[in-house]
Amino acid sequence: MPVYTYRKEGKTVTEFAKEFNRKKRELFARYYGFLNPPQQEAVATVNGPLLVLAGAGSGKTTVLVNRIGNIILFGNAWQSEELPDDAEQLYPQMLEAERGSRAGIRSVLEQMAVDPARPWRVLCITFTNKAANEFKERLQTLLGERARDIWAGTFHSVCVRILRRHIGLLGYPTNFTIYDTDDVKKVIAAIMKRRHMDEKILSPKAVMGLISRYKDKSYTPEEMLMDAGKDTRIIKSAEVYAEYQRELKQSGALDFDDIIMLTETLFREHPAVLEQYRNQFDYVLVDEFQDTNPSQNRLVAMLGGGKENVCVVGDDDQSIYSFRGATVENILQFDHTFPRAKIVRLEQNYRSTGHILNAANAVIKHNKGRKGKNLWTKAGEGELIHVHRPMTQGEEALAIVGEIRKQVNAGKRKYGDFAVLYRMTALSNNIEQTFVKHRIPYRICGGLRFNERREIKDVLSYLSVVNNPADNVRLRRIINVPKRAIGDTTLLKLETIAGREGMSLFEVASNADGYSEMGKAAGKLKEFARLIDSMREFGETHSLTATVEYVLQSSGYMRFLAEEANADGDTEHEREQNVKEFLSTVKMFEETAEEPTLASFLEEMALVSDLDELEEGQDAVTMMTVHSAKGLEFPVVFLVGFEDGLFPGMQALMEGSEEEERRLAYVAITRAKEALYIYHCESRMLYGRTDLRSASRFLGEIPEEDCEKSYKNPSRRSDYTREAVTFSRPASPAGGQSVFEAGDRIKHPFFGAGEILTAQNMGGDMLYEIAFDSGSTKRIMGSFAKLTKE
DNA sequence: AGCTAAAATGTTTTT
DNA sequence: CATTTTAGCT
């Protein structure tokens, strides 16, 4: 015990300690002065379980970032009552710092840190990879390079990282393949066909959904069967599930659900492994907790179980993924899992203006069984919510164009301020086409993804087989592409033998001459197997990019694409361009990834979403589904198709999941910062059918006084007058992502700097002809090339 | 085996 | 409506 000089001033140690801690808290409050009191509490509560109920726009991200920063910089200093040994020396510094800068306060606080965590001891689980990267970036300004070492990612990416190390314990290969929904569907359909199940009665998609729902709860096929009762659909599906799981394991493949489920299995069956990670992670944080499924919830309980330094953040009103097995129970029962849990509510909204917030509150109030909260704001009333009733979806799109044009031309807004949100991707078409026609620059999220294009999937399949030859699904995809005279008959024989011998298709193909029934096809099969082997051998001694190039050439796939393009008269050679663009993705990955291996590249390709790749900075209107918009905000939001049967959707109304649709509406409304435009058409054509439609029931839940309707009565007769659409010279050179024209200097991630020779509009996308400084001239689609101004 | 033309099929939302 | 799947033909 040091002898405190303050004792000379007549203070006892206890008195001094009290004063020291009071001063310490004052400094903390000063340092985190930009946060409101509940936010500060969330940041300061470092040890022990914590549930943060964060309403929309309540500064949730700021809290999470600063909480992690606090954990790493100051540790448990705020909560701790213990006096540091050098408290005596610190105290005058504290008094000094109090009058000084933020940096000064920070440095004193750092000296008072109690058990600050090393970055790699912090696990932060986010909903998207994009969110994880944003966290890391924001933390970098707070922590510097250390921020890189934080374990931040989605449940899936974190679990894959763990599984890569330990999945051998479960009898899977470490180079496992990750199957996407497409692959899964193929396997399920094949199994059902083999079992002579009638697709009319039970579709592969339905079976897939049922299995997935059970996997979300980590049920085994046996457990699913037990749970099925007399429901034959579930019984049948459980049977398929058993076979499906065997088949995936044999192929060394995991589906999205397996990634979570098997991690849980790993931890349960190998407690030593769980112990290792429990020890490693001093702190566990989970964002968007309302959208976790039971398996994920158990993982959190497992990983955080020891130290109980678990912080989950979420909003039960924004739970919108129950169709994917997420359950709001996880958040409602968090204090059941962790009885010591402290609960912090963030209810002050910093995002939206008054009328928008009123509308959101009013709508969500109709839901039963919520934790209950009411968002409030200090911001003014703002604009009324603009409600319009166009006759058709054509007018709906034109009205949006008119509004955007008007506000951009007036200099009031830029394109990037606007977002168009819709319930279904199918609704994006009208809008997109109208945008192209009227030269409104936009970026679209969802729908056709780059790596879902046929040629990209083919190339990825080659790479998957090279990485994991046991991968039967991917092998089947490319064994005869380009044509190698390995047809259905040969494939069927191959499958029969493989099934009989318990071998993979590749193994059988490698030894095809050992089976007399293969006949003359044996040579072809062996040749194919040798080809794959040569690719793998090449990969062992060459870089990733070189290997991919080798695969493209030796497989004959590039030549195949070229011939196909010529035959189709496709002078643009679009597919080839896409593959070249893919190659630049590979190159970029190789340059930036921590571990530039084929396995980790394939992993990244499997786990990134197009939301992750949505590039910021371009001045363009954003178009996305309401689901994708979760966590985002925009100054102006256009909500289209706000009609009964669409939003809430037909299916939802039938199934009685109206409350989830209402939450979705709540999410949509709360994306808007300053202005919200709601559209519902009198008639809409969807899937070739035109129907009369009435406004969403949720619209009626928004108070009249918060709205400004362009029509007076609820009748179908239109008194809507079309917005004046000015056909003036467009402010932007083209639609789509394009912001370049001939003569512009640009930079390409793969090919380097260059100059645009020509730019032509191709159905909403831009085709650029670019002369690169390296001497080559290339044609590149605007939507794939991540071109930047030089 | 491979092509064309007709039929089916989708009507959520996605890691 | 637009795309994908399948049947039926050569």
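Convention: sequence-line order gives letters A, B, ...; per-chain numbering from 1. Given the structure is predicted, the values throughout are model-derived calculations rather than measurements.
No hydrogens or angles were tested; on distance alone, nothing pairs the side chain of A:R324 with the base of B:dT13 as donor and acceptor under 3.5 Å.
Nucleotide C:dA2 is matched to B:dT9 when pairs are restricted to Watson-Crick or G-U wobble geometry with both distances under 3.5 angstrom. The partner of C:dA7, taking Watson-Crick or G-U wobble pairs whose two distances both stay under 3.5 Å, is B:dT4.
For the C1' atom pair drawn from C:dT5 and B:dT12, the interatomic distance equals 22 Å after rounding to whole Å.
Nucleic acid contact class of A:Y321 (heavy atoms, under 4.0 Å, all strands): sugar-phosphate only. Backbone-only engagement by A:M424 is indicated by non-hydrogen atom pairs under 4.0 Å involving sugar-phosphate atoms exclusively.
A ring-centre distance under 6.0 Å is found for A:F638 and A:F418.
Remark on DNA chain B: of its neighbouring residues A:Q296 and A:K205, the 5'-side contact belongs to A:K205, judged by nearest-heavy-atom nucleotide. Taking for each of A:E655 and A:F155 the nucleotide of DNA chain B with the nearest heavy atom, the 5'-most of the two is the partner of A:E655.
Between A:D691 and A:R684 there is no salt bridge, since no side-chain nitrogen of the basic residue lies less than 4.0 Å from a carboxylate oxygen of the acidic one.
By the criterion of a centre-to-centre distance under 5.5 Å and near-parallel planes under 30°, the ring of A:Y687 forms a stack with the base of B:dT11. Here A:F127 does not lie in a stacked arrangement on the base of B:dT15, lacking the combination of planes under 30° and ring centres under 5.5 Å apart.
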Using the 3.5 Å cut-off, write out each protein N or O paired with an N or O of nucleotides 1-9 of chain B and the distance between them.
from  : atom 1 : to     : atom 2 : distance (Å)
B:dA1 : OP1    : A:G487 : N      : 2.6

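With A:S157 as the fixed residue, the side-chain contact (heavy atoms from CB on, under 4.5 Å) test singles out one of A:I259, A:T128, A:L607: A:L607.
The environment of A:K60 atom NZ is dense: over 12 non-hydrogen atoms of other residues, nucleotides or ligands sit within 6.0 angstrom.
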